[in-house]
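Note: hydrogens, waters and symmetry copies are ignored here, and every other heavy atom, side chains too, is used. Naming: A, B, ... by sequence-line order, numbering from 1 per chain. Every value quoted in this text rests on a predicted model; they were computed, and no experiment measured them.
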There are 2 protein chains.
Amino acid sequence: MARSPAPRGTRTATLSDVARLAGVSVATASKALNGRNHVHAQTRERVFEAAAQLSFSPNSLARGLLAGKTGTVGLLTSDLVGRFSLPILMGAEDAFGAGQVSVFLCDARGDAIRERHHVRALLSRRVDGLIVVGSSTDPRPPLADSVDVPVVYAYAPSENPEDLSIVPDNVGAGRMAVEHLIACGRTRIAHISGDRQYSAARDRVDGVRAALDEAGIPLVGQVAYGTWEEGWGRAAAGMLLDREPDVDAVLCGSDQVARGVLDTLRERGRRVPDDVAVMGFDNWQVMTSGARPQLTSVDMNLEELGRAAARALFESIDAEHGKGIRTVQCRVVPRGSTAPDA
Amino acid sequence: MARSPAPRGTRTATLSDVARLAGVSVATASKALNGRNHVHAQTRERVFEAAAQLSFSPNSLARGLLAGKTGTVGLLTSDLVGRFSLPILMGAEDAFGAGQVSVFLCDARGDAIRERHHVRALLSRRVDGLIVVGSSTDPRPPLADSVDVPVVYAYAPSENPEDLSIVPDNVGAGRMAVEHLIACGRTRIAHISGDRQYSAARDRVDGVRAALDEAGIPLVGQVAYGTWEEGWGRAAAGMLLDREPDVDAVLCGSDQVARGVLDTLRERGRRVPDDVAVMGFDNWQVMTSGARPQLTSVDMNLEELGRAAARALFESIDAEHGKGIRTVQCRVVPRGSTAPDA
DNA sequence: GGCCGTACCGAAAAGGTTTTCGGATGCTTT
DNA sequence: AAAGCATCCGAAAACCTTTTCGGTACGGCC
C-alpha cells in the first residue's frame, strides 16, 4: 500500500522547513534558491541540499500574491470540439511554453452566461491576461465584463475596433489558392464555397475574384454557396459538371466539400488531377490524406495564429496594449489533387 | 481612447477597500460577503453595495494560500491534436463545471521531460488534483515525480495498478458491435481492424470473438490488422472481397477504415447496407455523417469518461484514493450503413 | 588600537483573505 | 439598579514567499 514517497497528510515542505534544515533563516534560503547574491557558496549548497531532501517546491500562490503577477493566462474558447480552437490553443501553449506561464482553459460553449462566469473566475484567479478564441471567423461581441488585464481575440475578431484581434487572412487565402491553380496551368476555374453566412467564405471569395481579375481569367459559373460538408460538395459538383462540362479546376470551401467533389468527379469518370484539379481549405490532415488523390489544401496556420496571439498578449502585459485587427498569412500545401505527381 | 471602466493602473479593489467604503472592518466585510452569520442584515447590505461599487473580486490566491486548497486541477494530456483527449477534457470541464474549479491545461506532446516540467509547474501552483490523459489506450508509465495530490489516469491506464485509471471498455465495444450486426441479421461477419500495436485493437478483437462464439457464428476470414486509416480500409476490403465474396458484414477498426471500406464496396458494386453492412469505431461525426450511407459506429463515450475521471478526482480529494482500472461503457450509434432505412 | 569596507546573514514587512476570539453595545430579567 | 444575555463587530493571527534594510563579523589600513 506504499503510496508515493511524499504521502498525503504530510504537509508539503515550505521555505521555513528548508531554512530550518539548512540552519539558516528563510530570507537566506530564499536568496540562495533564487540565485540572489550576498550568500556564501557553501551556504547556498546547504540550502539546495535541504530543498532537495524535502523535495521543496515554492508556493506559487504566495509568490504571486506578493509579486502581483501570477504567471497564468486564461484561454476562453467557444467550441472546444471544433478543430479550429485546438491548434490555436497548441500554439499559445507553445509560445508561453517552456516559460513560466500556465494556461487556464475554459469553454463557454457559445453561452454568454457561461462566458461571464468564466471571466469572473479567471479574474478572481488574477490571470495576467486573456485570450478569447471565437468559434468562427465572424466578429464576436467583446467581453461583457470590464476587464483590467490585457485581452487578445484570436480567430474571431472583436466587434470593438479598440480591441486587439488576430485572425487568419482569408482574403489572402482565396487569392493564393487561385494563384496556385493558375500556376498549375488551369484556366477554367470554378468555386464551390461553404456556408454563405460565414465571413470566412465571403472573404475567400473576394480573394478568389481579385486573383482571377488580375490574371484576366473569368470564374467558371457562379460561386456556389452551401454548407461546409461532404454532401454539399457531392451535390454541387454534380450541378457544376452538368452546366460547365469543360471546367478544369474546382476550388472548394473546405476539405470536406472537396472530398465530396472528388467523389462525384470519380463517379462521373473525370480524372483528378489530369482532367480536373481540386483544392480544399483548412488542410485537415485526416481529410486530405485519406483522399484519392491526396488533397491540396490551404492551411490557415492556426498554430502560428495561436503563437502570435500569445506573443501579442505578452507584449500587452508589460507594454501598452495594441489594438485593431492583425492577420496571419495562410499557405498552400500542394498534394496530388492539383499536381500530376505527388 | 476610453478603455474599460476599470482602467489599468488602477489597483484592483481589495477587501479592505470594500470595508473602508462600507465603514466596517475587513473581518466583517469578509463575513458579510461570504454569508457567515453574526452580521447585521443592514450591515451586510452596505458591504454588498460597496463591493459592487468597487467591482470587487476576491483574490483567489490569498484565499487559496490560507485554505490550502486552490480549486484548480491540472489536466495533463499527451496529444491535444488527437480527437480523443478533447472530449475527455470537455467532460472533465463539464463535471467540475459551474462549480468553483478551474482547469490548467498542459500538453506534454509525448515528451517525458516536458511532462515532468509541467507536473512541477502544476504542483508549484498547488493544484488540488491531476488528470492524466494518455494518447492511446495503451498503458503508460506513471508520473515520474512523487506527487502528493490525487491523480486519475484517463483513456490510457497507468502501468502501476496502485493508481486509479478510467478507460473505455474496448472488449465490450467489440462485443456490442458484433451483437448489433447479428441483430441486423448478419451471419457472415468479417473484421478489418486497425493497428495491431494498439491494445485497443486487440481488446476489441477479443470482444468480437467472444460475441461470435456465444452466437455460434464463425468469423469470416482472418482478423486483418493494418493502420487506422482510410487507405488501409480500401486495400483490406479489396482483399477481403477477393477471398470471401459472400461476406455480408464488415466491422472496421475505425471510422476512417470504414470509409475506405465503403469506397471499395461501392466500386465493386456491393450495395450498403443491402448486400454488406459496415460499421466503424469512434463515432467521429465528420466521418460518419459524410459517408454514404451514413455510418453506424461505436461511440466510446469519451465525454462521459472525462466526467467520470473528474468525479473520481473529486472523490479522491477529500476521501481516500481509489485504485485499479475502471471502465466506461461504449454504445452503438446505428445509422444507414447497417440499417436499410436511416 | 581604532576605523572602514566588505561579505554575509536575519528580522520584519508586505501581499489579501479567512477565522478565531475577545470586546462592546443594547436589551431583558430579578 | 445590577446582573445576565444575545447580538454584532473588530483586532490579530495565519497562510508562504520575497525584498529591504539593518546588523554582525572579519580582514586590512592608518
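Taking the screw axis at each terminus of the helix from dG1(C)-dC30(D) to dT30(C)-dA1(D) from five consecutive base pairs, the angle between the two is 70° to within rounding of 10 degrees.
Following rounding to the nearest Å, H40(B) (NE2) and dG26(C) (C1') show an atom-to-atom distance of 12 Å. The nearest whole Å value for the distance from the CG atom in N59(B) to the P atom in dT18(C) is 10 Å. The interatomic distance linking L15(B) (CG) with dA11(D) (P) rounds to 14 Å, in whole Å. Distance CZ (R44(A)) to C1' (dA7(C)): 13 Å, rounded to an integer number of Å. The interatomic distance linking E45(B) (CD) with dC8(D) (C1') rounds to 17 Å, in whole Å.
When I131(A), D94(A), L75(A), V103(A) are each tested for a side chain to side chain contact (heavy atoms under 4.5 Å, CB included) with L89(A), only one passes: L75(A).
Looking at T72(A) and R125(A), their side chains never come closer than 4.5 Å, going by heavy atoms from C-beta outward. Inter-residue side-chain proximity for V149(A) and R126(A) is flagged as unmet; no heavy-atom pair is nearer than 4.5 Å. Using a 4.5 Å heavy-atom cutoff, the side chains of Y153(A) and L143(A) are in contact. Taking the side chain as every heavy atom from C-beta outward, K323(B) and N160(B) never approach each other to under 4.5 Å. Annotation: side chain of L130(A) is not in contact with side chain of L76(A) (no heavy-atom distance under 4.5 Å). No side-chain heavy atom of F104(B) sits less than 4.5 Å from a side-chain heavy atom of V73(B). In this structure, the side chains of P168(A) and T137(A) come closer than 4.5 Å at one or more pairs of heavy atoms.
Taking side-chain N and O atoms only, H38(B) has no distance below 4.0 Å to OP1 or OP2 of dT7(D).
Residue contacts for T43(A): at a heavy-atom cut-off of 4.0 Å it reaches the sugar-phosphate backbone alone, with no base atom in range.
In summary, R307(A) and E304(A) engage in a salt bridge, as defined by a charged side-chain N under 4.0 Å from a carboxylate O.
No donor-acceptor distance shorter than 3.5 angstrom exists from the side chain of S124(B) to the backbone of R120(B), with no hydrogens or angles considered.
For DNA chain D, the residues of residues 61-69 of chain B within the heavy-atom distance limit of 4.0 Å (strictly under) are L65(B), L66(B), sorted by number. Heavy-atom distances under 4.0 Å link DNA chain C to V24(A), S25(A), A27(A), T28(A), K31(A) of residues 24-37 of chain A, given in residue order.
Between F96(B) and F314(B), the ring planes are perpendicular. Angles over 60° get that label, and only those under 30° would be called parallel.
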